[in-house]
Every structure is written in C-alpha cells, then in structure tokens.
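Structure first, then comments.
By convention here, the first residue in the shown sequence is residue 1. Excluded from the calculations below are hydrogen atoms, water molecules and symmetry mates; all remaining heavy atoms, backbone and side chain alike, are included.
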Amino acid sequence: MPKSKVNTKAINLRIEIEHEDLVRDVISQIRTGGPGFRTALEQLLADESAAQYMPAREIHARFSQLEQRVKALEAAEAREHDGETS
C-alpha cells in the first residue's frame, strides 16, 4: 500500500543540548498526537502568561544582583551606625 503524500519541510534547529529530548518529544507528539495535541500546544503558546518564563541562569543573575544591593545597603547602614557611635 503506497504512503499518502504529505507536505513536509526540513528545518534546521540550533538548540541547547539539554532541550534536545524535549524538542524531539514535542515533534513526535505533533506527528502522532493528532489535532488535539496541536490545538493544546497552540493555545499554550498563544497564552502570554503561560509562555512567559525566565531561564534559570537569568533568575540566578537577578538574585545575585539583589544580593549585592542588599549587602551594599547593609554595609552603608553599618558604616552609618558606626559613625553615630564614634
């Protein structure tokens, strides 16, 4: 039995290694999961609040910046306090 013709397109994705399995799973589900999976995925991507995420490295960088600011404020407060007791 001949396979039916399906329009396909080859794409080249450059992704981070840790995302390889996830991308393969999503592509597999797009192929086999039927319209229900595709619809759910499109809804997820269209939902601005669901699609907003922040990479862990950015979260760590922001916490590091906050920590540095807190330490600077604490140091300034300690210097101010030492100046009052001198």
Side-chain angles (χ1 to χ4, degrees):
M1 181 182 279
K3 287 188 175 183
S4 62
K5 285 230 173 199
V6 177
N7 288 333
T8 63
K9 181 178 182 180
I11 58 172
N12 181 18
L13 296 174
R14 184 171 300 279
I15 59 172
E16 294 181 20
I17 291 172
E18 69 238 29
H19 298 138
E20 181 180 2
D21 289 337
L22 177 62
V23 171
R24 286 183 191 278
D25 289 346
V26 169
I27 291 171
S28 174
Q29 284 297 317
I30 289 171
R31 288 181 182 151
T32 62
F37 177 79
R38 279 177 253 146
T39 300
L41 183 59
E42 288 170 355
Q43 288 172 349
L44 175 66
L45 295 174
D47 182 354
E48 290 184 21
S49 63
Q52 291 178 357
Y53 66 93
M54 187 179 300
R57 65 180 166 267
E58 188 173 337
I59 292 171
H60 290 298
R62 287 188 181 192
F63 274 119
S64 178
Q65 291 170 349
L66 289 170
E67 182 180 27
Q68 291 171 2
R69 291 174 65 188
V70 168
K71 285 181 179 180
L73 289 170
E74 289 173 341
E77 185 177 273
R79 286 192 303 271
E80 190 176 293
H81 184 265
D82 287 344
E84 291 175 4
T85 58
S86 298

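- For E58, the side chain to side chain contact (heavy atoms under 4.5 Å, CB included) partners at least two apart in sequence or on another chain are M54, P55, R62.
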Considering only distance and modelled atom types, tabulate donor-acceptor pairs under 3.5 Å from the side chains of residues 15-32, sequence neighbours left out.
{"unit_1": "E16", "atom_1": "OE2", "unit_2": "R57", "atom_2": "NH2", "d": "3.2"}
{"unit_1": "E20", "atom_1": "OE2", "unit_2": "R24", "atom_2": "NE", "d": "3.2"}
{"unit_1": "E20", "atom_1": "OE2", "unit_2": "R24", "atom_2": "NH2", "d": "2.8"}
{"unit_1": "T32", "atom_1": "OG1", "unit_2": "S28", "atom_2": "O", "d": "2.9"}

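- Pairs engaging residues 64-75 under the side-chain hydrogen bond (donor to acceptor under 3.5 Å, both in side chains) rule: none recorded [sequence neighbours left out].
- For the salt bridge (Lys or Arg N to Asp or Glu O under 4.0 Å) test, no residue two or more places apart in sequence or in another chain qualifies with R38.
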